[in-house]
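All of these numbers come straight from a predicted model, not from anything done at the bench. Numbers restart at 1 for each chain; the letters A, B, ... are given by sequence-line order, proteins then strands.
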2 protein chains.
Amino acid sequence: MDTTETARFVTALRSRILAGELPDGARLESERELALRHGLSRTTIRAGLQTLEASGLISRRVGRAGGSFVSLPTGDSVANSLQLVIGAGGISGPDLMETRLAIEPMCAELAAERMGKDGLSELSDIQSEMVSAMRVVGNPSNRQRFLTANARFHLRIAYGSGNAALAAILRGLIDPIEKLIDDPETLGETQLRELVRAHEAICSALQDRNGPRARAVMRKHLQAHLALNGRY
Amino acid sequence: MDTTETARFVTALRSRILAGELPDGARLESERELALRHGLSRTTIRAGLQTLEASGLISRRVGRAGGSFVSLPTGDSVANSLQLVIGAGGISGPDLMETRLAIEPMCAELAAERMGKDGLSELSDIQSEMVSAMRVVGNPSNRQRFLTANARFHLRIAYGSGNAALAAILRGLIDPIEKLIDDPETLGETQLRELVRAHEAICSALQDRNGPRARAVMRKHLQAHLALNGRY
DNA sequence: CGCATTTAATGGTAGTACCAATATAGAATG
DNA sequence: CATTCTATATTGGTACTACCATTAAATGCG
């Protein structure tokens, strides 16, 4: 394996990073120094660093105090690659909804156990925002406000689950899903009102710290979406 | 945004790919031609292609009929970035198990509805492999055989769900999880036998095309793991 | 026709030079 | 002394040239 010099350099540096030898935020040597140390040209070093940067393992800044800095990958990179695959059409609409249906009830259950007071109040703020946006949802910009707040509502619960993996996955799904469901035909005023009501029930279950109920209500809420336009 | 020439080139080419303008497998112009067409140096073009390759959007081959080829990202890139984040310690052990608990029951339910005859027979082959490996599980190499087959069992069901997103996610989780649970203390012969029994029940539910039962049995199976060593 | 050889095209690597951004050291100034 | 401006050093970003290694196609030969 690792036929090229660049690939060798990448795997070497990547394992040092993942092994924790280079802590988060650590500054690597300059490209010129790395080239000398590894007996490679700056060209090759730069190619390797480019790859590592694209993987989210380092970030680079120019300038005197600049250089390459270790940045341990977070859920962001998962969300990004998920969005890439979806954007490329590698995952169908029904797949998205099914995945959501797998993830979010679990998020709700965990959030009921773990979400703090501030998180819950943030959630009810978002809920108020949705209610106020709904009043004039005929206005296109308000419809957008409504949908954005809806996404934030679900994301906030995922964060509230305290589970980085679940949150990252939902973050990757939510934008494509939002575009998928934004259809005035199937998502009219009646449905929006129903949606707000469901959110109310979820909030209440979370405040009661009732995990199973939160899970059940969330599940029902999502399945209602699925039923709206049977096949996406 | 896109302060550097490289970044500009990357975003331009990426959107062309995601827009479907460049179909899967399409061959890009050579680096020298791209440089001319974009009025950039080959250096910059190469930097951009390096990034796109790391994102899984293109692959490159040397040689006369070589070049850069569009490769629409698949679940692999999601699995990879998931493994990167986990490898960097960005996701805890309990997070992993909870995510698994969210994903796999859904996989089982869908697989019960969608898995074909060949898939089911593959599954029972894997099951036989596990049974035969279990007989001499004291032997370390056989223990490895057993665990590998176990992973394949769960992955096969995820594929059988026909849902690319769920399969990709489990693929990213399974290796780290396998290492996590491979503890002779908590996973002794008694537990292995119990595990095989659970797999048997899952197989049977799938063959009966009983989705809800498949979901329930899978869920119970995973929760047994969780209970084994309460906190990972 | 079939096989070996040559040739041409590609990405990979090296090296040099210079540019642009930016933190730091130092000088000028109040 | 404090502040502000200026020079400077260090860094990544880009350009250009040259050559190598790999690979498939074109060519030649038997």
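- The ring-ring contact (aromatic ring centres under 6.0 Å, His included) pairs that include a residue from residues 72-113 of chain A number zero, where partners must be two or more places apart or lie in different chains.
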Check the pair Arg60(A), Glu31(A) against salt bridge (charged side-chain N to carboxylate O under 4.0 Å, His left out), reporting the backbone distance first and the verdict last.
CA-CA 11 Å; Arg60(A) 301 196 278 179; Glu31(A) 297 177 350; 3.2 Å; yes
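- When rounded to the nearest whole Å, the span between CG of Leu36(A) and P of dT10(D) equals 15 Å.
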Nucleotides 9-16 of chain C: protein proximity per nucleotide (B base, S sugar-phosphate only, - neither; heavy atom, under 4.0 Å)
BBBBBBB-
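- Counting only residues at least two apart or on different chains, the ring-ring contact (aromatic ring centres under 6.0 Å, His included) pairs with a member in residues 7-57 of chain B are Phe9(B)-His38(B).
- Side-chain N or O atoms of Glu33(B) include one that pairs as donor or acceptor with a backbone N or O of Ser30(B) at under 3.5 Å.
- Taking the centre and axis of the six-membered ring of Phe69(B), the NZ or CZ atom of Arg61(B) falls inside the cone set by 45° and 6.0 Å.
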